[in-house]
Every structure is written in structure tokens, then in C-alpha cells.
Amino acid sequence: MVLQAIKYTRGQLEILDQLKLPHQEEYDHIYSSTDAWHAIKEMRTRGAPAIAIVAALALAVELTNMKLSSVAEEVQVFVTEKLHYLVTSRPTAVNLADAAGKLKKVTEDAAAKQGANGESVRDAYVNAAEQMLVDDVSDNENIGKHGAEWIVKNTEAGKKGPVSMLTHCNTGSLATAGYGTALGVIRSLHSSGSLKHAFCSETRPYNQGSRLTAFELVHDQIPATLVTDSMAAALLRLRGGSENIAGIVVGADRVAANGDTANKIGTYSLAILAKHHGVKFLVAAPRTTIDLNTKSGADIVIEERPGKEVTMVKGPRHDGVNLDLAVVETVSIAANGINVWNPAFDVTPAELIDGIITEVGVFEKDSEGVFHLEEAFQAKGSEIKPSTVGGL
Ligand code: MRU
């Protein structure tokens, strides 16, 4: 059975509550943009593409079920206000602002049409939001295919036989509409017989690796091992050769025009490790994550989250033998009164990145060490325009 983080039919949206994973699979109903805002803020849904799609579809559900004004401009203004509100839920991932900018434009165009009314504006919005759900899955499958082919062709390990890869955070079906980005690359390597082993890092402090990526890898029966973040260097040094580790593949929350990449905290240290050990460091992301309006990583706002995510751990009680799912406990793991810094993301400079895997191909730097990501938007037949985050 395929893992589904987002269940949508017109007028109805449910999300898998990722705070309860990996032990309980419970879906929450999302009826409105307010519900979506809270689900995103509380991280019941997370991952750059999933956040954008849940926000877009929540407003589609709200519009489908509400008593609608017959006046086109009134519906358009309502949509714009809700989009502005949704974008305030989390600041770093650009996909949400990108989706909001595109949906705002669709709604404005629909309202400007001859004979437009409330229903026609709503229908234009709902169709565009639903299309985002469909496109994300096919984009991810293409990311997986391009990434797997590139790794087999361009790495020392890949030339020798099936490769092992390390990944960080969760970038799979749970973080997207389906299949995943960096985890999609690992899925694709696995399905083509080119994967020896996947390693996933725990991803402190929120444990997206041990709770979510590990859950997906077990679910898909992909051979995999969990390591803590601090074990990555030893893994590359001591097991790199025997495991045929080709590289590290991660997702992204925002790729700046120069290739600097914001992703889950800990990504930057992995990129430094990859450079030191001579293995490839790859970023896998759809073009909706590339923001040509953000010139470099220095312009990316990094979300800081509550200190208790570092000082506390939450989970079902374990008596040493059995899990008791009925009793969820929070355990303190730090000295009372200590100050905490909890940035949710870091920025990996472009110089440490060997390739950016998108749905239209893998982008590498030129001989001067410069990425030309604008080319991703010039692909033949491409209707996608660069991210509009500044323009919302
Ligand atoms: O804080 P999160 O769990 O939303 O962070 C997620 C990540 O950093 C992912 O790597 C990124 O969003 C890409 S998901 C395809």
C-alpha cells in the first residue's frame, strides 16, 4: 500500500498527523485555511512541498463548501487575504509562497475575465490547486529518475555496482504529495536494482529521520539503517568503502539563485563531511523550491523554533518490552534552565553542492563553479515561471 500523507477529494481534505508517527497512523480533517495554518505551524504536516499543497487544498475545500458571493472581485479578495495568511505559517520553505503567488495570479486572471462571477473565480482556484497535487507526484518521480541515473553514471561507487546513499530529514511521501524528492531518488535507485543500502540520519531535534524516513523505508522494505547525526562522519570514514557509499542526497526548503540551499538543520555539516570524504553531495528539489528572487543564502529567513523541541522528547511509553500507545509521555533530556538555540534549517553554500536534481534534469556548476538555475525554467515546453515569493 502506498503511503499517503495527503488525502483529497473535492471538498474534503485529510492529512496524516505526523506528530503521531511512526507509532500511530491517524488522519486529521482539514476544513479551512485556519485549520491548515495550525496544522503547518504545529508540524502535523511538514516538508516544503506538502506544506504548500496542504495550504492550497485547504483553501480549495473552504471555497467549495462555503456560501459563496456571486461577485467575482469579492471571491478574489477573499482568496488573496487567505493566501497572505497561510504564507505566515512557516517562513523558510519557499514552496508555500510560490504556490500562493501562482494561485493569486490564477484568481486575479479569472476575476478579470468577461462575465466572471464568484463561481468561475472559485473554480479557477480549485482547479489550479488540484493540479498542484497532481504535478507534485509526477515531478517527484522525474526527480527520482534523473537523480538515480546521475548517481549511477557520475560516482565512483555507481560505476562499481549498486550504491549506498545517506539521506537527512524526511523528504519522502510524507513531505510531498507522494514518492518524495531525495527519498524519491533512493526509491528510484532501489526499484532499478541500483541501491545497496540506504542510511538515514536521526535528524535532531525533531527526529524526522528516525520517526518518518525510517518509517517510510521500513514500509517500502528498502534495506536501510538509522544513524544519529553525529555518526555520519564515522559512517563515511569507516564503512564508506565496504558499503559503496556514493554520496549524500538531501531535500531543500529554498534554493537561492546562486545554488545556496536552505534545508533541515544538520544539512550543512553533512555537506562538509561529503567534501572531506570525496563523496557527492546532492540536493533534490522540484523547481517550485528554486527561488531566483533570493540571490543567495544570506537572504533566506531561517525559522527558529521553541527550545523545548531540543530539551524534551515525546513518545509512547515503553516498559522495556512493549510499547503502550495509549500513554504518550514527554521526557526532559536537558538541564533545567539551560539556554537553547533551535534553528530549524541551515544554509549549505553552493560550493559544497555537486548537483541540484530537479524534475527537468540535474544541474551542475560550470567550470567557474557557478550554477545556472535560470536554465531550469527555460526547459522546452515549460510553463513554470520562477518563484514569485517577493510578488505576493
Ligand atoms: O521542518 P520540516 O520537517 O518541514 O523540514 C523539512 C525539510 O527540511 C525537508 O528536507 C525539505 O522540506 C524538503 S521535503 C521534500
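We count ligands from 1, going down the list as the structure has it; atoms in each ligand are counted the same way. In this chain, residues are counted from 1 in sequence order. Quick caveat, the model's predicted, so the values are computed rather than measured.
Taking 4.5 Å as the limit, every side-chain heavy atom of Leu96 sits out of range of all side-chain heavy atoms of Arg90. For the pair Val310/Arg204, a side-chain contact is recorded, criterion being any heavy-atom separation below 4.5 Å from C-beta on. Side-chain contact check for Leu183 versus Cys200: every heavy-atom pair is 4.5 Å or farther apart.
The 4.0 Å heavy-atom shell around ligand 1 contains residues Met43, Arg46, Gly47, Ala48, Pro49, Arg90, Cys169, Asn170, Thr171, Ala175, Thr176, Thr181, Gln208, Ala252, Asp253, Asn263, Lys264, Phe345, ordered by chain and number.
Sequence neighbours left out, the pairs with a member in residues 262-280 that pass side-chain hydrogen bond (donor to acceptor under 3.5 Å, both in side chains) are Asn263-Thr267.
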message: If you apply the rule side chain to side chain donor-acceptor pair (under 3.5 Å), what do you find for Arg10 with Asn65, and how did you get there?
response: CA-CA 10 Å; Arg10 190 164 287 188; Asn65 297 329; over 6 Å; no

query: Where do Asn170 and Arg46 land on the side chain to side chain donor-acceptor pair (under 3.5 Å) test, with the steps shown first?
result: CA-CA 9 Å; Asn170 174 262; Arg46 34 119 338 256; 3.2 Å; yes

